[in-house]
Amino acid sequence: MDTQTQAARYSAKDYKSAIKPIWCPGCGDFSVLSALTKALAELQLPPGRVAVVSGIGCSSRIPAYTSMYGFHGVHGRALPTAIGLKVARPDLTVLVTGGDGDGLSIGGNHFLHACRRNVDVTYIIMDNQVYGMTKGQASPTTAPDWEGSKLTPEGTGVNPFQPLAIGLAAGANFVARCFTGDPNNVAEIIVEAIRHPGFSLVQVLSPCITFRPEQKDWKRLVRTAPVEFTTDAARAARRLMTDDGFNVGKVLYKGSREPFRPDLGGSGATVADLERQFLR
Amino acid sequence: MDTQTQAARYSAKDYKSAIKPIWCPGCGDFSVLSALTKALAELQLPPGRVAVVSGIGCSSRIPAYTSMYGFHGVHGRALPTAIGLKVARPDLTVLVTGGDGDGLSIGGNHFLHACRRNVDVTYIIMDNQVYGMTKGQASPTTAPDWEGSKLTPEGTGVNPFQPLAIGLAAGANFVARCFTGDPNNVAEIIVEAIRHPGFSLVQVLSPCITFRPEQKDWKRLVRTAPVEFTTDAARAARRLMTDDGFNVGKVLYKGSREPFRPDLGGSGATVADLERQFLR
Amino acid sequence: MTAQTVSIALAGSGGAGVITAGAMLLEAASRAGWYAYMTRSSGPQIRGGEAAAMMRLSTEPVASHDDCFHLLVAIDWNNVGRFAAELPLSAGSLVVSDPEEGEAPSQIGASGARSVALPMKELAKSIPGGRPNMVALGAIAALIGLPEAPLLEVLQKVLKRKGEEAIQASLDALRAGMAAAKDYPAVPRLPAAETRPGTRWSITGNEAAGLGAIRGGVRFVAAYPITPATDMLEWMAPALAKVGGTLVQAEDELASINQIIGASYGGVPSLTATSGPGLSLMTESIGLAIASETPIVVMNVMRGGPSTGIPTKSEQSDLNIALYGMHGDAPHLVLAPNSVTDCLFTTQWAVHLAEALQTVAIVLSDQAMGQARAVIPRPAEVAFLAKREKPQLAAEQNYQRYAVTASGVSPMAIPGMHGLQYTADGLEHNETGTPSSHVADHTAQLDKRLRKLTAYNYGDHWADVEGEGETAIITWGSSTGPAREALRRYEAGGKRARLVSIRLLSPVQPEKFARALEGVIRALVVEQSHSGQFYRYLRAHYDLPRDVKALHRPGPLPVRPGDVLGELASWS
Amino acid sequence: MTAQTVSIALAGSGGAGVITAGAMLLEAASRAGWYAYMTRSSGPQIRGGEAAAMMRLSTEPVASHDDCFHLLVAIDWNNVGRFAAELPLSAGSLVVSDPEEGEAPSQIGASGARSVALPMKELAKSIPGGRPNMVALGAIAALIGLPEAPLLEVLQKVLKRKGEEAIQASLDALRAGMAAAKDYPAVPRLPAAETRPGTRWSITGNEAAGLGAIRGGVRFVAAYPITPATDMLEWMAPALAKVGGTLVQAEDELASINQIIGASYGGVPSLTATSGPGLSLMTESIGLAIASETPIVVMNVMRGGPSTGIPTKSEQSDLNIALYGMHGDAPHLVLAPNSVTDCLFTTQWAVHLAEALQTVAIVLSDQAMGQARAVIPRPAEVAFLAKREKPQLAAEQNYQRYAVTASGVSPMAIPGMHGLQYTADGLEHNETGTPSSHVADHTAQLDKRLRKLTAYNYGDHWADVEGEGETAIITWGSSTGPAREALRRYEAGGKRARLVSIRLLSPVQPEKFARALEGVIRALVVEQSHSGQFYRYLRAHYDLPRDVKALHRPGPLPVRPGDVLGELASWS
Ligand SMILES: Cc1ncc(C[n+]2csc(CCOP(=O)(O)OP(=O)(O)O)c2C)c(N)n1
Ligand SMILES: Cc1ncc(C[n+]2csc(CCOP(=O)(O)OP(=O)(O)O)c2C)c(N)n1
Ligand code: SF4
Ligand code: SF4
Ligand SMILES: [Mg+2]
Ligand SMILES: [Mg+2]
């Protein structure tokens with residue numbers, strides 16, 4: 001279906017659409033959008049051969065802001081949509097973008113199973129530790145004592161998830177964390193994630209300026225992860241279980257499991273061949 | 001609501017109902033049922049104060065085979081049902097029983113969030129690495145090369161989950177594995193799990209004689225876990241990530257996080273007090 | 001010009017404070033002894049998008065918007081064009097805008113409304129700490145005859161924490177607006193009213209529903225945030241904690257519905273609130289609650305559909321899923337409040353019925369009603385409380401949880417009651433609860449689950465029926481307000497008609513309906529859906545007169561009294 | 001006694017091999033030139049529960065069971081009482097049972113059927129390797145006139161791998177049964193038929209649906225196992241792999257429906273199959289496919305409801321959720337095959353329509369039809385293939401994915417097509433796909449999504465219409481077989497009636513329906529649901545004659561021709 005013939009060089013802005021984001025001024029998601037477009041320019045992937053799939057949330061609005069094929073589905077179901085697309089169309093590059101609520105709360109089961117199934121898609125989870133779109137409720141990554149939501153006025157009283165630790169335990173093949181404060185680094189990591197075969201998980205700390213104004217401090221709290229990536233999942237797990245969530249800028253784990261990619265070539269049989277078994 | 005007055009001693013059979021299980025002769029679930037009733041006799045919990053909640057599957061049929069309060073809900077949703085019950089009725093002992101499909105496939109998200117929320121329920125997951133009830137399809141714990149299902153005739157091609165590793169990464173407070181070949185050990189572990197405050201996860205290897213006849217070999221494959229439990233989640237995670245799934249008979253991790261238990265005492269306010277805010 | 005009612009829209013971009021100003025106007029109006037109704041419209045942005053507060057003030061209780069606004073005050077025109085259709089004006093309307101902001105969007109101009117310029121920004125700038133929305137509020141007050149005193153009270157209350165200076169600045173801005181508006185063309189002025197503090201409530205539909213639930217006995221709520229149900233939950237969370245209950249924010253709607261099923265199985269009346277997408281996810285487990293006879297209440301605050309649709313705007317298009325969305329034959333209760341005030345009664349009644357009948361009650365509210373704030377007469381106490389039939393301890397040697405009784409209701413044991421243990425089941429079962437696939441058990445249980453609903457006496461609450469004559473308006477939910485107003489106007493024109501607003505949508509009440517329609521030869525069905533869901537539902541279950549017209553339109557535009565009146569008029 | 005049709009039930013506990021013997025009988029009958037229809041009933045146990053093979057053999061194609069069984073052979077009586085209601089007998093029936101097994105359950109005895117003793121176990125024991133089910137099969141063959149030759153062929157085929165000895169043992173057992181039955185009271189014997197190998201198919205409804213899907217162009221399936229849909233998927237998995245497609249077993253139904261939406265967005269016709277509980281979980285995302293105009297096919301093989309209900313038994317009670325189960329106004333296709341054979345056509349047509357109209361097609365089959373095996377005339381080829389309208393590359397400078405067209409169908413770009421990138425959205429959107437909450441966009445898109453369905457020409461396939469006269473039987477799905485047979489009998493009695501079996505349930509076809517019912521003054525509505533879902537649906541959308549009777553009953557008992565005939569008779 002590819003009809004591209006010219007060998008033009010794409011620049012980052014070729015991956016942006018003309019639609020103005022509905023995001024609040026200063027929202028971290030702007031940086032993710034620009035890092036993403038930079039990454040694609042680096043990879044020189046034709047926009048018509050890339051699909052960006054998302055669920056619902058502020059962060060999940062990204063697809064329409066790009067010039068690629070986009071699918072803005074329902075809340076929490078971006079991963080299966082992307083997996084179906086990639087399995088049926090292995091020739092495409094498939095990215096998934098979304099929030100911590102979308103991916104880890106309502107979408108948690110698909111997150112687990114995407115890590116396990118290891119289809120070659122790149123999942124960029126924009127973590128702001130809050131539900132932005134619905135005006136500020138606690139998410140699975142929110143600290144237990146955050147009292148900013150009227151729904152949990154005393155805090156949630158539950159420990160936050162460490163998405164990378166869970167992803168790793170569930171079998172994710174590539175695990176990285178970065179911060180919107182350094183969009184070039186985010187772009188680099190996205191490039192690496194897309195290049196890596198199988199399911200790649202990228203957690204981007206992306207502040208919500210409106211409902212978590214204290215996240216402006218993240219730029220002071222983050223540090224470049226003091227370690228290089230490992231290919232030993234057990235080691236990576238141990239690291240991540242004690243990590244405070246602020247080690248950023250690095251790929252933390254790379255596995256070498258074969259991606260899930262069913263053969264679509266068929267056996268040469270026709271439908272008439274299938275019918276023969278019923279004949280009497 | 002408790003109306004028990006007598007201080008009778010309960011024996012294991014007092015926890016069994018008269019209903020004949022629909023299980024296949026030789027199914028591992030029989031042992032789980034008898035281990036469960038033994039454990040309750042050990043704890044001397046009045047059957048009327050215990051609730052057993054399950055989803056759908058062969059294993060999920062357990063509640064009706066006991067003499068306790070039972071809730072046989074829909075596929076995959078036993079954990080939230082149990083959590084709602086326990087939060088609303090903290091005076092009850094609440095157990096959850098079910099299969100690997102029910103808990104880790106369709107129920108995966110609730111599994112994650114139950115580990116995180118840490119409500120004081122005991123979750124007994126009867127793992128036979130197959131969907132028994134629907135006549136033998138691969139489950140999330142099935143090996144990738146198992147070709148016994150017509151739905152995945154070439155095997156699933158996906159790595160199995162290690163439920164305990166995931167549970168731990170998600171925050172489970174008590175993690176154990178045992179095997180139906182040693183029902184007394186299963187009973188002991190259930191006793192310990194019920195006694196442990198917060199969410200306790202017990203994986204019981206429970207063979208499916210009909211669709212996984214090769215699981216008869218499990219009695220030769222399992223071994224008593226060569227380690228004692230740890231209270232260090234990172235260490236436990238590392239162990240579990242390299243474990244082959246056959247280390248049984250032991251509690252592997254015990255945490256000390258406070259269970260989630262909202263105060264139901266109220267502030268003494270009446271409904272009329274609430275109404276005052278609307279008055280003009 | 002003195003009128004009984006005036007309609008005002010205040011529009012501007014997100015930061016302009018139109019919602020704040022609208023809320024203050026409402027509060028002041030209530031202090032002035034008026035009744036009020038306010039809805040809001042906002043754009044997709046979280047922050048900084050356009051917004052409008054749409055208000056109606058009146059000397060009598062009001063439950064709907066008018067056909068158009070007498071007064072539109074636009075602090076700016078940013079994107080107001082986007083929802084111009086929601087701001088109908090007539091040639092008699094007055095548009096007040098800031099000359100700095102240039103021309104009104106074409107749709108506004110096209111209305112032929114009179115217009116005047118009010119330099120809100122300039123006036124505000126001249127007052128240290130002054131804000132344009134306060135200037136606008138002052139102008140509105142002057143135009144509609146709202147005295148300064150109640151406004152000042154509200155300012156003092158709202159800005160208490162900001163200190164005297166802030167209050168003074170706002171007051172100055174208000175006065176600047178009032179002064180400027182002195183010579184503007186007139187809009188309806190409301191007469192001064194008797195003020196009797198303590199006789200009114202100011203409440204939103206979502207708050208009223210939350211309160212109704214708690215009044216009815218709900219003490220456990222589990223939910224997942226979703227617009228426009230979230231604010232009901234946000235009101236309930238601290239309220240429950242005060243009266244000895246709790247609200248759990250669950251990981252998704254599948255968890256929330258099953259948590260409340262678990263809590264209710266434990267004997268605690270339980271509720272969840274959601275909107276269309278969440279309701280869709282809940283239907284499997286709603287079926288479980290029906291089959292296992294576990295009472296729960298599901299509040300669905302409808303928004304524009306299908307799919308994610310239009311989360312912030314209203315529509316009555318979840319009727320079908322509420323009635324028919326479960327697989328299998330799964331009879332249950334569906335109720336719909338028909339005004340902000342009625343959110344209180346209907347939700348409380350829903351809790352009562354769900355508990356009495358051990359089934360699911362789905363309550364259909366909508367964004368317009370749920371997020372509307374109204375100043376209403378103080379609602380009456382209602383006697384409906386949760387009361388579940390429980391087995392008599394001693395008598396029950398052989399307890400049968402699903403005993404086939406004449407009423408269809410079987411006494412329900414609660415965990416903790418000794419000797420009455422049973423297993424609740426979503427599989428078809430026999431009377432004791434043991435799974436069964438026998439024809440006889442299936443039929444007996446299907447029969448009893450239906451019978452308990454149909455045999456129950458719902459009294460007069462099934463519908464609001466009023467008026468007389470051969471013409472009927474049949475409607476439900478938030479379309480009732482405009483329909484009722486149309487009826488009043490129709491009657492004022494010397495004609496007669498009846499209004500039937502159905503509160504109990506399921507189970508159907510064919511005999512009561514027939515009685516309500518006795519002598520009716522033509523009916524107008526009014527609803528806010530694209531496909532006429534309510535009309536089809538009526539056809540399916542009720543005998544309608546030969547001559548039926550269906551006025552059905554999708555959201556987000558509300559049905560207006562004039563639309564209804566127009567249809568009625570076209571008949572005669 | 002020579003007849004055109006004979007009905008046989010073979011019952012016994014799980015290990016007794018009744019299903020195997022039944023399948024062999026069917027296979028042999030097809031080789032003998034007969035047509036056949038077989039359903040099965042089984043208990044809740046995975047292994048060792050009771051089971052029955054219920055068969056009807058005939059010289060003409062058969063699509064339903066008869067009113068009762070001519071012959072019941074019970075290898076044992078273990079728990080047969082549990083589904084005695086599913087095994088109706090009359091005084092003319094013959095019951096063959098093993099004297100070792102004692103008395104028949106009371107319900108069987110109460111039928112007044114004649115009975116004979118066949119010592120199946122004893123006879124089997126006397127033959128090394130002999131099994132009682134083969135003795136039973138021999139007795140059946142002798143009684144109904146099935147020659148030995150085709151049975152031997154089947155034995156040889158089935159037992160090939162077990163070797164000559166096993167074949168001989170089974171043959172000896174068969175012959176022992178044949179010999180014993182020689183002098184039994186007669187049951188209907190079928191006349192010998194012409195055998196023309198290669199002109200018949202032996203297929204189940206689920207297999208036919210799977211084949212129809214693949215014929216229509218489906219190449220991607222994602223699903224989660226659920227009874228009674230699993231065997232359709234199990235047939236499709238290897239079949240897809242052969243023709244260049246794939247089936248993914250997903251983690252749950254939410255994943256499966258969204259996987260197929262993703263694959264279809266990628267241009268590959270896609271399907272999922274499920275049953276009631278799974279369909280409930282899918283409705284939110286079905287709404288997404290409708291709103292984003294992504295074609296998909298959802299096969300729902302109905303079972304007893306509500307909730308987990310009765311997984312292994314049939315019912316037509318998911319009509320409501322299929323029609324109305326989505327939130328918002330979400331028009332889509334609902335189709336229902338009305339026989340095992342029609343599962344092929346209707347599923348193929350569903351794929352074609354979903355793709356042509358870029359929407360969701362829900363196909364409603366049921367356990368009885370899906371798991372029934374039938375020997376049928378070889379089905380015709382059908383021209384319906386998936387064909388999605390795609391934009392013309394060059395022309396589309398300003399591609400509008402959701403362009404408002406006259407037909408309502410907008411050309412759909414597929415990822416990989418350059419320069420036509422767009423974002424599909426479940427939020428309401430404008431023509432380009434950008435989210436919008438404008439009234440005008442909402443209305444235009446709601447209109448087009450409805451228009452594309454209503455404007456399409458579905459030809460004559462919307463229903464099977466046959467017969468004439470003033471009486472009509474209106475039905476759907478698997479109730480069609482018995483209704484059609486009732487019509488035949490009615491006509492054989494010299495009376496006239498029409499049959500309207502609706503295949504296209506949504507969108508409704510009021511004009512075609514009116515034409516089909518021209519001159520009809522009374523109608524009998526036939527369906528297998530407790531609440532009469534189909535009857536209510538007809539009332540909601542169609543004009544029915546004044547005089548309407550509704551024959552609606554829950555599963556698991558199928559509607560029988562005699563039930564329908566009885567209702568017709570009670571009119572005249
Ligand atoms: C089924 C369903 N439930 C709830 C919602 C409401 N909802 C929309 S976005 C959202 C959370 C968004 O949070 P996150 O994914 O973290 O994204 P953010 O806005 O923070 O970027 C919720 C609860 C919905 N759209 N659908
Ligand atoms: C929503 C839904 N989907 C699918 C099913 C069908 N189903 C019933 S049990 C089951 C799997 C059971 O597997 P597991 O939980 O491992 O239990 P086991 O039978 O092996 O003990 C499935 C898929 C269902 N009942 N409901
Ligand atoms: S609410 Fe938060 S996450 Fe959403 S756009 Fe605004 S800043 Fe970003
Ligand atoms: S199918 Fe397997 S899991 Fe189910 S009862 Fe039989 S042996 Fe047990
Ligand atoms: Mg977020
Ligand atoms: Mg299992």
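First the proteins, then the strands, lettered A, B, ... as listed; each starts at 1. Only this structure's heavy atoms are used, side chains among them; waters, hydrogens and symmetry mates stay out. As the structure is a computational prediction, the values presented were derived from the model and not from experiment.
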For [X] versus [Y], what's the shortest heavy-atom pair and its separation?
X	Y	value
A:Gly84	D:Phe220	CA-CZ, 4.0 Å
D:Thr246	A:Pro262	OG1-CB, 3.4 Å
D:Leu211	A:Leu274	CD1-CB, 4.4 Å
A:Pro47	D:His418	N-CE1, 4.4 Å

Max heavy-atom pair count under 4.5 Å with chain D, selected residue of A:Pro80, A:Gly268, A:Gly266: A:Pro80

Heavy-atom pairs under 4.5 Å with chain D, option from A:Val53, A:Leu92, A:Ile56 with the top count: A:Leu92

A:Arg77 vs D:Leu254, side-chain contact (heavy atoms from CB on, under 4.5 Å): CA-CA, chis, key distance, verdict: CA-CA 8 Å; A:Arg77 316 294 165 204; D:Leu254 300 162; 3.6 Å; yes

Pairs meeting criterion salt bridge (Lys or Arg N to Asp or Glu O under 4.0 Å) with involvement of residues 106-122 of chain A, two or more places apart: none

Geometric class of the D:Tyr422/A:Tyr69 ring pair [parallel <30°, tilted 30-60°, perpendicular >60°]: perpendicular

For chain A, the option from [options] that forms the most heavy-atom pairs under 4.5 Å:
options	result
D:Gly198, D:Ser30, D:Pro197	D:Gly198
D:Ser285, D:Gly433, D:Ala413	D:Ala413
D:Gly426, D:Ala239, D:Ala222	D:Ala239

Contacts of residues 16-29 of chain A with chain D (heavy atom under 4.5 Å): A:Ile19

Measure [X] against the heavy atoms of chain A and call it side chain, backbone, both or neither at under 4.5 Å.
X	value
D:Leu427	side chain
D:Pro435	side chain
D:Val268	side chain
D:Thr294	side chain
D:Ser202	both
D:Ala250	backbone
D:Ala241	backbone

Listed partners of A:Tyr131 passing side chain to side chain donor-acceptor pair (under 3.5 Å), at least two apart: A:Ser105, C:Tyr224

Per-residue contact mode, [X] against chain D (heavy atom under 4.5 angstrom):
X	result
A:Asp263	backbone
A:Leu279	both
A:Ala64	both
A:Arg276	neither

Sub-3.5 Å donor-acceptor pair from the side chain of [X] to the main-chain atoms of [Y], do we have one?
X	Y	value
D:Tyr265	A:Gly70	yes
D:Gln421	A:Ser67	yes
A:Arg89	D:Pro415	yes

side-chain contact (heavy atoms from CB on, under 4.5 Å) evaluation trace for D:Trp201 with A:Glu275: CA-CA 9 Å; D:Trp201 276 17; A:Glu275 294 177 1; 3.8 Å; yes

Under the salt bridge (charged side-chain N to carboxylate O under 4.0 Å, His left out) test, residues paired with D:Glu27 that sit two or more places apart: A:Arg280, D:Arg31, D:Lys157

Any donor-acceptor N or O pair under 3.5 Å, side chains A:Gln277, D:Trp235: yes

Roughly how far apart are [X] [atom1] and [Y] [atom2], rounded to 0.5 Å?
X	Y	atom1	atom2	answer
A:His72	D:Asp425	NE2	CG	5.5 Å
A:Phe278	D:Thr204	CZ	OG1	7.0 Å
A:Thr81	D:Ile257	OG1	CD1	10.0 Å

Pairwise side-chain contact, A:Phe71 with D:Asn258, heavy-atom cut-off 4.5 Å (strictly under): no

